[in-house]
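This report refers to the structure that appears directly beneath it.
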Amino acid sequence: MSAPLIEEGAKKSGVLWVTLPAGPRLAWHVWQSGTIYVVTGGGEQELPGLAEASEVEVTLRSKDNGAELVRFTASVETVDQAASPDVVAVLAKERLNAADAATLPARWAAGSVILRLTPRA
């Protein structure tokens, strides 16, 4: 695993693939401080089984040609949204085409889960 390659791939592309029990799923994400953050449920992308997982396989692909850049295992942790307003703000800023952009944090707090995917060494 190459930490610089993971960081570069995660910063350059807003999507990744996570391998879930039902199979690989495409997910939008945000990279911040060495960690990937995703939102699931509550009107956002459905990633069944991710919140219950302790680890997941993540694949980052080239934004240019779709080729696989790197595949790695990441630990999965639920983010306490009330205690992490900076993470919520970054995710809300990067959430494209949200009809309710002004109220995203409230909607997420009511029905979504924010997860931290931390690459394992």
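The basis for the numbers below is simple: all heavy atoms, side chains too, and nothing from hydrogens, waters or symmetry mates.
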Checking the side chain of [X] only, and the main-chain atoms of [Y] only, is there a donor and an acceptor separated by less than 3.5 Å?
| X | Y | result |
| --- | --- | --- |
| S13 | A10 | no |
| T40 | Q45 | yes |
| T35 | R116 | no |
| E57 | A74 | no |
| R71 | V58 | no |
| T78 | L115 | no |
| S2 | L5 | yes |

Looking at [X] and [Y], what are the two nearest heavy atoms and their distance?
| X | Y | answer |
| --- | --- | --- |
| L60 | G9 | CD1-C, 4.1 Å |
| L50 | V38 | CD2-CG2, 3.9 Å |
| P105 | V88 | CB-CG1, 3.8 Å |
| P48 | P21 | O-CD, 4.0 Å |
| G34 | P119 | O-CD, 3.7 Å |
| N65 | A67 | OD1-N, 2.9 Å |

What's the spacing between [X] [atom1] and [Y] [atom2] if we round to 0.5 Å?
| X | Y | atom1 | atom2 | answer |
| --- | --- | --- | --- | --- |
| E94 | W31 | CD | CH2 | 14.5 Å |
| Q81 | S112 | CD | OG | 7.0 Å |
| L16 | L117 | CG | CG | 7.0 Å |
| T118 | F72 | OG1 | CZ | 9.5 Å |

- Message: If you apply the rule side-chain contact (heavy atoms from CB on, under 4.5 Å), what do you find for V56 with T73, and how did you get there?
- Response: CA-CA 6 Å; V56 66; T73 301; over 6 Å; no

- Item | Residues that E7 engages under salt bridge (charged side-chain N to carboxylate O under 4.0 Å, His left out), provided they are two or more places apart | K11

For the residue pair [X] and [Y], establish whether any side-chain heavy-atom pair is separated by less than 4.5 Å.
| X | Y | value |
| --- | --- | --- |
| I36 | V30 | no |
| V79 | Y37 | yes |
| V70 | R61 | no |

- Note on the structure: Those residues at least two apart in sequence (or on a different chain) that pass side chain to side chain donor-acceptor pair (under 3.5 Å) with D86 are none

- Query: Are R25 and E46 close enough for a salt bridge, meaning some N to O gap below 4.0 Å?
  - Reply: no

- Item | CA sep, side-chain torsions, deciding dist, call: W28, L91, side-chain contact (heavy atoms from CB on, under 4.5 Å) | CA-CA 10 Å; W28 70 272; L91 282 161; 3.8 Å; yes

- Item | From CA spacing to verdict: side-chain contact (heavy atoms from CB on, under 4.5 Å), V39, W108 | CA-CA 8 Å; V39 181; W108 289 346; 3.8 Å; yes

- Message: Let's go through E68 and T59 carefully: what are the C-alpha distance in whole Å and the side-chain angles of both, what is the deciding distance for side-chain contact (heavy atoms from CB on, under 4.5 Å) to 0.1 Å, and is it a yes or a no?
- Response: CA-CA 7 Å; E68 184 176 307; T59 303; 3.7 Å; yes

- Message: Let me check something: do V18 and L26 share a hydrophobic cluster, defined by ILVMFWY side-chain heavy atoms less than 4.5 Å apart, either directly or through other members?
- Response: no

